[in-house]
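To keep things clear, I will list the structure first and then write my remarks on it.
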Amino acid sequence: MAKPLDQIVTDRLVLRPWRWEDRAPMARMNADPEVCRHLPAPLNREESDALVDRIEAHWRKYGFGPWVVTKREAAFDPGGETGPRTGPMIGFVGLLVPRFSAPFTPCVEIGWRLNPAHWGQGLATEAAAAVLAEDAFAHHGFEEVVAFTVPDNMASRRVMEKLGMTRTPADDFFHPLLALDDPSAPHVLYRMKRR
Ligand SMILES: CC(C)(COP(=O)(O)OP(=O)(O)OC[C@H]1O[C@@H](n2cnc3c(N)ncnc32)[C@H](O)[C@@H]1OP(=O)(O)O)[C@@H](O)C(=O)NCCC(=O)NCCS
């Protein structure tokens with residue numbers, strides 16, 4: 001297992017490991033019905049904390065996982081010994097190994113979730129582009145990363161497209177952890193190969 005990167009810095013963001021204080025903003029985000037419109041359901045505090053526990057366990061097991069996304073503050077010190085100053089957690093973006101079996105597994109997936117106050121500014125795409133380039137392809141040397149969502153999640157699909165990921169309709173699948181007649185079962189799959 002490769003040693004995890006310490007952090008990822010982009011023009012506007014710092015992606016960093018999880019801290020205890022991230023759990024409250026994470027829970028607020030996960031309780032928002034708009035955030036969870038295309039996910040199974042909003043989460044209560046206990047469920048959100050359990051998700052953070054699973055994310056931290058994923059990091060320990062694989063040496064990669066979803067990063068906490070924070071905004072760089074305007075007055076950051078690029079050459080400072082402590083690195084750029086950042087604001088509170090605004091969401092998460094990062095790599096995951098799916099826990100189910102499908103025609104495209106085993107694989108590495110990229111996922112994202114941001115607080116709606118920060119939507120529509122290209123931040124998910126900026127964070128994901130850095131995760132793909134620096135974490136997935138350069139650091140871990142993965143040959144391919146996939147992303148998937150329900151067909152109606154146009155914001156998420158648009159992020160995939162802006163990243164340069166491509167969809168082949170033959171890859172579309174029914175999510176194996178959902179009942180076949182669940183309206184959320186059909187998923188579209190996008191792929192990106194290492195360049
Ligand atoms: C998906 C998500 C992370 C995108 O975050 P974001 O920072 O707003 O993403 P970006 O700004 O980088 O890009 C979003 C793109 O989707 C477009 N978009 C948003 N809503 C859309 C809609 N209903 N229909 C079509 N396009 C839409 C935006 O216009 C933008 O494209 P553009 O730059 O070409 O204008 C955010 O919407 C989110 O957290 N959603 C809830 C959680 C979720 O569904 N996660 C994905 C699970 S698979």
Side-chain angles (χ1 to χ4, degrees), residues 1-36 38-73 76-77 80-100 107-119 121-142 145-149 155-156 159 163 177:
M1 182 174 87
K3 184 177 175 294
L5 290 175
D6 292 335
Q7 62 176 12
I8 298 175
V9 180
T10 72
D11 285 348
R12 294 179 290 173
L13 302 168
V14 176
L15 279 54
R16 60 154 174 80
W18 291 78
R19 298 178 188 152
W20 192 257
E21 71 249 31
D22 300 322
R23 287 178 179 238
M26 174 74 161
R28 281 195 293 278
M29 177 175 76
N30 288 330
D32 185 331
E34 185 59 20
V35 170
C36 298
H38 301 291
L39 303 169
L43 304 182
N44 63 30
R45 175 67 196 245
E46 196 182 339
E47 291 165 333
S48 179
D49 283 352
L51 174 56
V52 178
D53 290 342
R54 287 200 300 278
I55 289 172
E56 291 183 328
H58 190 287
W59 273 97
R60 286 193 296 275
K61 180 170 181 185
Y62 295 106
F64 59 87
W67 295 90
V68 172
V69 178
T70 62
K71 279 177 117 167
R72 273 165 75 155
E73 290 184 349
F76 84 100
D77 172 7
E81 284 173 13
T82 55
R85 277 201 292 275
T86 70
M89 175 287 185
I90 65 162
F92 64 81
V93 173
L95 304 172
L96 283 159
V97 176
R99 293 185 294 163
F100 57 81
C107 68
V108 177
E109 169 204 358
I110 184 164
W112 33 70
R113 193 177 301 179
L114 293 189
N115 181 311
H118 303 278
W119 288 0
Q121 301 166 44
L123 295 176
T125 307
E126 183 172 322
V131 167
L132 286 170
E134 296 179 34
D135 202 8
F137 296 135
H139 187 68
H140 290 284
F142 298 136
V145 175
V146 306
F148 49 83
T149 188
S156 194
V159 172
L163 289 167
L177 300 181

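Throughout, numbering of the chain's residues begins at 1 and tracks the sequence.
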When the ring centroid of Phe148 is compared with that of Phe100, is the distance short of 6.0 Å?
yes
Residues Val9 and Arg72: closest non-hydrogen pair is CG1-NH1, 2.8 Å
Please state whether the rings of Phe92 and Trp18 are parallel, tilted or perpendicular, taking 30° and 60° as the class boundaries.
tilted
Does the Trp119 side chain pair with the main chain of Ala124, one donor and one acceptor, at a distance under 3.5 Å?
no
Would you say that Lys61 contacts Met1 through its side chain, given a criterion of any heavy-atom pair below 4.5 Å between the two side chains?
no
Kindly indicate whether the side chain of Asn115, heavy atoms from C-beta on, has any atom under 4.5 Å from the side chain of Val35.
no
Determine, step by step, whether Thr86 and Lys71 satisfy the side-chain contact (heavy atoms from CB on, under 4.5 Å) criterion, reporting the C-alpha distance in whole Å, the side-chain angles of both residues, the deciding distance to 0.1 Å, and the verdict.
CA-CA 6 Å; Thr86 70; Lys71 279 177 117 167; over 6 Å; no
Any side-chain heavy atom of Asp135 sitting closer than 4.5 Å to one from His140?
yes
About how many Å separate CD1 of Ile90 and CE of Met29, when rounded to the nearest 0.5 Å?
9.5 Å
Ile110 to Ala147 - nearest heavy-atom pair and separation
O-CB, 3.8 Å
Are the side chain of Thr70 and the backbone N or O of Val14 linked by a donor-acceptor pair below 3.5 Å?
yes
Take Trp67 and Trp112 through the ring-ring contact (aromatic ring centres under 6.0 Å, His included) test and state the conclusion after the steps.
CA-CA 9 Å; Trp67 295 90; Trp112 33 70; over 10 Å; no
Check Asp22 with Arg16, please: is the shortest side-chain N to carboxylate O separation under 4.0 Å?
yes
Check Pro42 against Pro33 and note the closest heavy-atom contact, atom names and distance.
CG-CA, 4.0 Å
Do the non-hydrogen side-chain atoms of Val145 and Glu109 ever get within less than 4.5 Å of each other?
no
Glu126 side chain reached by Arg12 side chain, heavy atoms, under 4.5 Å:
yes
Qualifying side-chain hydrogen bond (donor to acceptor under 3.5 Å, both in side chains) pairs with a residue from residues 47-58, counting only residues at least two apart or across chains:
Arg23-Asp53, Arg23-Glu56, Asn30-Ser48, Arg45-Asp49
What pair of heavy atoms forms the shortest contact from Ala2 to His139, and how long is it?
CB-NE2, 4.2 Å
Please report the closest heavy-atom contact between Val68 and Pro17, naming both atoms and the distance.
CG2-O, 4.0 Å
Please find the pair of heavy atoms, one from Pro98 and one from Cys107, that lie closest to each other, and give the distance.
CD-O, 3.4 Å
Approximate separation, where rounding is to 0.5 Å, of Met89 CE and Arg28 CZ:
10.0 Å
In the structure I gave you, are the side-chain heavy atoms of Leu13 and Leu123 within less than 4.5 Å of one another anywhere?
yes
What residues, two or more places apart in sequence or in another chain, satisfy ring pair (Phe, Tyr, Trp, His ring centres under 6.0 Å) together with Phe137?
none
With a 4.5 Å heavy-atom cut-off, do Leu96 and Pro66 have their side chains touching?
yes
From CZ (Phe64) to CG (Leu5), nearest 0.5 Å:
11.5 Å
Close side-chain approach of Leu43 to Leu51, heavy-atom, < 4.5 Å:
yes
Considering residues at least two apart in sequence or located in another chain, which fulfil the salt bridge (charged side-chain N to carboxylate O under 4.0 Å, His left out) criterion with Glu46?
none
